Amino acid sequence: MKIKNIAIFASGSGSNARKILEYFEDRSDIQVSIIITNRKNAGVLSHAKEFDVPTLKIDRSYFYDNECILDVLKAEKIDLIVLAGFLWLVPAYLVASYPNKILNIHPALLPKYGGKGMYGHHVHEAVKENNESESGITIHYVNEEFDEGGHIFQASCELSIDDSPQDIASKVLELEHNHYAEVIDRVLNEL
Ligand code: GAR
């Protein structure tokens, strides 16, 4: 059986990356083969260490000024790239090399609250400011624009008028943790 390989790109605390690592830990058909981060102190690095997954730290020049990362992904036989709190725009050469094989999770119901600068707490503060009665998550393919690729999955949560941006963040993160790995599994099975 051919094993399918995932590369996770993450820059934040890495809680989604951890959920994905846990989900695929005992699978013989799918594995997380590498975790790539642009922050040297990213929380995701400790999860990678715990799960014994190799990591690569990149800087802007490495990511944007040449295409070396393609060699790394090729060497790992990567089938699917998963962004989990990775905030840099994915360069065109990478999108072209992995068409419909790069996924992102966004902490809102796109197309609302997406685009450049709309990430993490900025999203939840904007949702609060607009007194939205719901928020949620969008899992989508990645193209050359922030948050504009085709949608694969959305899930929503009700908000109450008393919810703070932090409360909204917690509800949304719970949805992310409940759904991202399963959607990844489904997409990989359809490849
Ligand atoms: C997640 O909420 C993810 O949706 C968000 O960053 C957080 C990372 O959390 N991504 C974006 O806002 C992308 N525009 P984590 O490091 O705990 O997984």
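Ligands are counted one by one from 1 in listed order, and the atoms in each one are counted from 1 as well. Everything quoted here is computed from the prediction, not taken from an experiment.
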Report task. Check the surroundings of atom CD in E22: do more than 12 heavy atoms from other residues, nucleotides or ligands lie under 6.0 Å from it? Result ->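 Check passes, neighbour count above 12.
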Query raised in the report: With sequence neighbours left out, what residues match H140 under ring pair (Phe, Tyr, Trp, His ring centres under 6.0 Å)?
Result: none
**Report entry** Co-membership, hydrophobic cluster, residues I102 and Y119, 4.5 Å side-chain
**Finding:** no
Report task. Tell me whether L175 is reachable from L109 by hopping between hydrophobic residues (I, L, V, M, F, W, Y) whose side-chain heavy atoms are closer than 4.5 Å. Result ->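 Each belongs to a different hydrophobic cluster.
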Name each donor-acceptor pair under 3.5 Å that joins a side chain in residues 152-162 to protein atoms two or more places apart or in another chain, with its distance.
unit_1, atom_1, unit_2, atom_2, d
Q154, NE2, L110, O, 2.9
Q154, NE2, T138, OG1, 2.8
S160, OG, D162, N, 3.2

Quick one: ligand 1 N/O to protein N/O pairs below 3.5 Å?
unit_1, atom_1, unit_2, atom_2, d
ligand 1, 2 (O), E176, OE1, 3.0
ligand 1, 2 (O), E176, OE2, 3.1
ligand 1, 4 (O), E176, OE1, 3.3
ligand 1, 4 (O), E176, OE2, 2.6
ligand 1, 12 (O), G120, N, 3.0
ligand 1, 14 (N), H106, ND1, 3.3
ligand 1, 16 (O), S13, N, 3.1
ligand 1, 16 (O), S13, OG, 3.4
ligand 1, 16 (O), G14, N, 2.7
ligand 1, 17 (O), S13, OG, 2.7
ligand 1, 17 (O), S15, N, 3.1
ligand 1, 17 (O), S15, OG, 2.5
ligand 1, 18 (O), S15, N, 3.4
ligand 1, 18 (O), N16, N, 2.9
ligand 1, 18 (O), N16, ND2, 3.0

Output side-chain donor-acceptor pairs under 3.5 Å for residues 72-97, partner residues at least two apart or in another chain, one line each.
unit_1, atom_1, unit_2, atom_2, d
D79, OD1, K2, NZ, 3.3
D79, OD2, K2, NZ, 3.3
D79, OD2, N5, N, 2.7
Y93, OH, F63, O, 2.6
Y93, OH, N66, O, 3.4
S97, OG, Y93, O, 2.8

